[in-house]
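Please read the structure below before turning to the comments.
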Amino acid sequence: MTIARTDDSAPVLLDVLRQASARQSKLAIMIQRISPLMKSLVLLLALGATSAANAQQSSGPVALHPDDVAKLTVSPGVTLKELTGRVGAPAAQSTMGSVALFRLEPGRASAWSHNKVGEESFFILKGKGEVWTGNQAHAVRPGSFILIPPSVVRSIRASKGETLEFYAVTTPAWSADDDVLVQAPEGAPK
């Protein structure tokens, strides 16, 4: 939004700022009232809009395909491709949120960890497995959605004989400082 400056523009600018603040407050109230799935989808859309806005400030919209993003090996049988985030593709870097495509080979699992601040959402694309939160397992399959609030200890694992692929969306963007590695809880697989 461009605001023309005149000698009496201060009252106009204050009015514009008040209106923007009121819209943000209404959006925050609406987000609190919707389901966790919808909340994550709204956050994902907002992340996309923020990334798009950042891209437009630099060189324009960013369109990425996972095949064009470098694969990182997290541990044996666990890889990821970060499409956007703090260390994502240079044209799509963002601190607002991150999106990574994970691939777990059959029987493999992510490390046990939790985020101090970041909220994670997993969208299962392919395969079957389990998301462990504490010592409780939650079965997942293509189309499953999992919301992991901050401080919840979790691990996701592929079933034997099944490759598991999923998108992980973290808001704010994932960072090593926010990710806390822990031991497997009692009663949970190591």
Side-chain angles (χ1 to χ4, degrees), residues 24 27-28 31-32 36-105 108-125 129-134 138 140 144-158 164-185 188 190:
Q24 287 178 333
L27 178 61
I31 288 174
Q32 290 174 357
L37 172 60
M38 290 304 297
K39 180 179 176 184
S40 291
L41 292 175
V42 166
L43 289 171
L44 181 59
L45 291 172
L47 169 62
T50 301
S51 294
N54 290 343
Q56 287 175 350
Q57 289 175 358
S58 58
S59 63
V62 177
L64 294 173
H65 189 278
D67 290 347
D68 301 327
V69 176
K71 177 172 56 173
L72 302 171
T73 299
V74 178
S75 61
V78 179
T79 60
L80 72 85
K81 294 181 176 189
E82 188 161 4
L83 288 101
T84 186
R86 296 175 200 274
V87 294
Q93 289 184 350
S94 172
T95 58
M96 301 294 292
S98 56
V99 178
L101 176 62
F102 277 82
R103 179 182 173 94
L104 280 62
E105 296 299 324
R108 296 296 184 162
S110 68
W112 283 95
S113 64
H114 70 85
N115 292 336
K116 296 178 213 171
V117 177
E119 179 176 75
E120 284 191 310
S121 298
F122 299 151
F123 298 91
I124 307 302
L125 302 172
E130 298 173 327
V131 172
W132 284 79
T133 53
H138 310 275
V140 296
S144 293
F145 166 80
I146 303 92
L147 177 66
I148 310 287
S151 301
V152 173
V153 174
R154 83 300 195 208
S155 176
I156 184 167
R157 55 187 55 242
L164 186 64
E165 291 184 6
F166 63 96
Y167 279 108
V169 178
T170 307
T171 54
W174 180 90
S175 74
D177 294 337
D178 189 43
D179 195 28
V180 180
L181 295 174
V182 297
Q183 296 293 318
K190 304 292 182 230

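Only heavy atoms go into these numbers, but all of them, side chains included; no hydrogens, no water, no symmetry mates.
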> Excluding sequence neighbours, so at least two apart, what forms side-chain contact (heavy atoms from CB on, under 4.5 Å) with Val152?
Replying inline: Thr133, Ile148, Pro149
>> Can you list everything that forms a side chain to side chain donor-acceptor pair (under 3.5 Å) with Asp179? Sequence neighbours excluded, please.
In response: Ser113
>> Just to verify, what does Ser175 make a side chain to side chain donor-acceptor pair (under 3.5 Å) with, not counting sequence neighbours?
In response: none
>> Using the side chain to side chain donor-acceptor pair (under 3.5 Å) criterion, which residues pair with Ser144? Sequence neighbours excluded.
In response: none
> Which residues pass the side-chain contact (heavy atoms from CB on, under 4.5 Å) test with Leu64, sequence neighbours left out?
Replying inline: Val62, Leu83, Ala89, Ala92
>> So, using salt bridge (Lys or Arg N to Asp or Glu O under 4.0 Å) as the criterion, who are the partners of Arg103 when residues are at least two apart?
In response: Glu105, Glu165
>> I need the full list of ring pair (Phe, Tyr, Trp, His ring centres under 6.0 Å) pairs touching residues 76-103, with sequence neighbours left out, sorted by first then second residue.
In response: Phe102-Phe166
> Is it true that a side-chain atom of Arg154 and a backbone atom of Val131 form a donor plus acceptor pair closer than 3.5 Å?
Replying inline: no
>> Run the side-chain contact (heavy atoms from CB on, under 4.5 Å) test against Ala111 and tell me which residues pass, sequence neighbours left out.
In response: Leu181
>> Is the shortest side-chain heavy-atom distance between Glu120 and Asn115 below 4.5 Å?
In response: yes
> What residues form a side-chain contact (heavy atoms from CB on, under 4.5 Å) with Asp67, not counting sequence neighbours?
Replying inline: His65, Lys81
> Looking at residues at least two apart in the chain, or sitting in another chain, which of them share a side chain to side chain donor-acceptor pair (under 3.5 Å) with Trp132?
Replying inline: Glu130
